[in-house]
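So the structure is just underneath, and the comments pick up after that.
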Amino acid sequence: MHRILVVDDDDMNLKMAEFILKKDMEDIEVLLADSGMKAIDLLQREPIDLVLLDFQMPVMNGLKTLELIRKREDLKGIPVIFLTASSDRDTVVKAGMMGVADYIKKPFMPKDLVERVNKALLVKALDDPLLADIVGKK
């Protein structure tokens with residue numbers, strides 16, 4: 001089972017992402033957080049396979065939340081996909097330097113969301129050292 005954390009200050013975006021992921025993906029659990037601080041708290045308490053992170057949030061935006069995730073040894077390997085209405089070049093460059101897995105432009109299309117989530121989960125699985133041992137990719 002994959003556990004995906006969706007972080008967005010807009011309740012409608014949270015519900016839409018949760019609905020799409022549960023409807024179109026199998027063997028998935030979706031956790032929701034409406035702020036960066038709640039996301040960090042959940043990440044420290046729950047095993048999470050992927051984070052969908054809104055960039056523009058009050059108090060602590062997505063970039064600051066991503067910084068905190070990447071600073072923690074136990075969290076830094078979790079793939080993060082930015083959900084953003086912005087295509088500001090500086091934001092894209094900063095996030096890219098911090099290892100964001102992908103970007104999804106809001107409003108997102110259901111098929112695009114599912115495809116990008118599946119891709120990020122597959123890349124994560126391929127990077128798993130246990131899988132590398134099994135397929136001889138040391």
Side-chain angles (χ1 to χ4, degrees):
M1 170 169 298
H2 292 291
R3 300 181 92 206
I4 298 174
L5 174 59
V6 182
V7 187
D8 199 309
D9 62 313
D10 184 313
D11 191 51
M12 182 59 88
N13 287 336
L14 287 174
K15 288 178 181 174
M16 181 63 73
E18 179 182 35
F19 174 78
I20 292 166
L21 293 170
K22 285 183 173 180
K23 177 182 161 288
D24 294 340
M25 295 181 71
E26 293 179 18
D27 205 24
I28 191 166
E29 182 180 355
V30 179
L31 290 86
L32 306 175
D34 62 5
S35 72
M37 290 305 297
K38 288 180 182 174
I40 296 297
D41 181 54
L42 264 171
L43 285 162
Q44 292 173 353
R45 293 184 292 116
E46 302 285 341
I48 303 293
D49 296 302
L50 175 74
V51 177
L52 295 172
L53 180 60
D54 181 25
F55 180 77
Q56 295 174 311
M57 295 184 291
V59 183
M60 187 165 76
N61 69 22
L63 198 56
K64 182 62 179 170
T65 304
L66 180 61
E67 284 177 24
L68 293 174
I69 291 169
R70 293 297 180 241
K71 284 182 181 177
R72 292 193 47 131
E73 193 64 36
D74 57 333
L75 303 178
K76 70 180 184 181
I78 299 172
V80 175
I81 296 176
F82 263 142
L83 300 173
T84 181
S86 169
S87 57
D88 174 58
R89 187 167 170 18
D90 290 339
T91 301
V92 170
V93 170
K94 283 180 189 174
M97 290 173 37
M98 295 174 61
V100 72
D102 206 345
Y103 299 85
I104 299 175
K105 189 98 164 111
K106 292 195 289 188
F108 46 81
M109 300 303 296
K111 183 178 180 186
D112 187 42
L113 177 67
V114 171
E115 285 177 1
R116 290 174 186 256
V117 165
N118 277 324
K119 177 184 168 191
L121 290 171
L122 178 61
V123 168
K124 181 182 181 207
L126 292 174
D127 285 341
D128 187 320
L130 293 174
L131 180 64
D133 286 344
I134 292 169
V135 296
K137 285 182 61 181
K138 279 187 171 179

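Only heavy atoms go into these numbers, but all of them, side chains included; no hydrogens, no water, no symmetry mates.
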Hey, does [Y] have a side-chain heavy atom less than 4.5 Å from the side chain of [X]?
{"X": "Gln44", "Y": "Arg72", "answer": "yes"}
{"X": "Lys23", "Y": "Val114", "answer": "no"}
{"X": "Lys106", "Y": "Asn13", "answer": "yes"}
{"X": "Asp54", "Y": "Val7", "answer": "no"}
{"X": "Asp34", "Y": "Asp11", "answer": "no"}

Minimum-distance pair of heavy atoms, taken over all atoms of [X] and [Y]:
{"X": "Gly62", "Y": "Met57", "answer": "N-CE, 4.0 Å"}
{"X": "Asp9", "Y": "Gln56", "answer": "OD1-O, 3.4 Å"}
{"X": "Ala120", "Y": "Pro79", "answer": "O-CG, 4.4 Å"}
{"X": "Val100", "Y": "Val80", "answer": "CG2-O, 3.1 Å"}
{"X": "Ala39", "Y": "Ala33", "answer": "N-CB, 3.8 Å"}

| said: A quick test of your reading: do over 12 heavy atoms of other residues, nucleotides or ligands sit less than 6.0 Å from CE of Met97? | reply: no

| Got more than 12 heavy atoms from elsewhere within 6.0 Å of CE, Met60? |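 It does: Met60 CE has more than 12 such atoms within range.
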
| request: Report the residues that fulfil ring-ring contact (aromatic ring centres under 6.0 Å, His included) with Phe108, sequence neighbours left out, ordered by chain and then residue number. | output: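 Phe108: no ring-ring contact (aromatic ring centres under 6.0 Å, His included) contacts found.
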
Under 4.5 Å between side-chain heavy atoms, hopping through other hydrophobics if needed: is there a path connecting [X] to [Y]?
{"X": "Met109", "Y": "Met16", "value": "no"}
{"X": "Ile28", "Y": "Ile104", "value": "yes"}
{"X": "Ile48", "Y": "Leu52", "value": "no"}
{"X": "Leu42", "Y": "Ile81", "value": "no"}
{"X": "Val6", "Y": "Val117", "value": "yes"}

Roughly how far apart are [X] [atom1] and [Y] [atom2], rounded to 0.5 Å?
{"X": "His2", "Y": "Leu50", "atom1": "NE2", "atom2": "CG", "answer": "9.5 Å"}
{"X": "Met25", "Y": "Asp27", "atom1": "CE", "atom2": "CG", "answer": "9.5 Å"}
{"X": "Ile78", "Y": "Leu66", "atom1": "CD1", "atom2": "CG", "answer": "11.0 Å"}
{"X": "Glu67", "Y": "Asn61", "atom1": "CD", "atom2": "CG", "answer": "8.0 Å"}
{"X": "Leu43", "Y": "Leu68", "atom1": "CG", "atom2": "CG", "answer": "10.5 Å"}

May I ask you to decide if [Y]'s main-chain N or O and [X]'s side chain share a donor-acceptor pair within less than 3.5 Å?
{"X": "Arg70", "Y": "Gly99", "result": "yes"}
{"X": "Asp41", "Y": "Met37", "result": "no"}
{"X": "Asp49", "Y": "Ile4", "result": "no"}

| request: Take Met98 and Leu63 through the test side-chain contact (heavy atoms from CB on, under 4.5 Å) and record every step on the way to the result. | output: CA-CA 9 Å; Met98 295 174 61; Leu63 198 56; 3.9 Å; yes

| field | Salt bridge present between Lys15 and Glu18 (N-O < 4.0 angstrom) | value |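 So Lys15 does not pair with Glu18 through a salt bridge.
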
| message | Closer than 4.0 angstrom, basic N to acidic O: yes or no for Asp112 and Lys105? | response |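 No, this pair does not count.
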
| query | Given Leu32 and Val30, is the side-chain contact (heavy atoms from CB on, under 4.5 Å) satisfied, shown in steps? | reply | CA-CA 7 Å; Leu32 306 175; Val30 179; 3.8 Å; yes

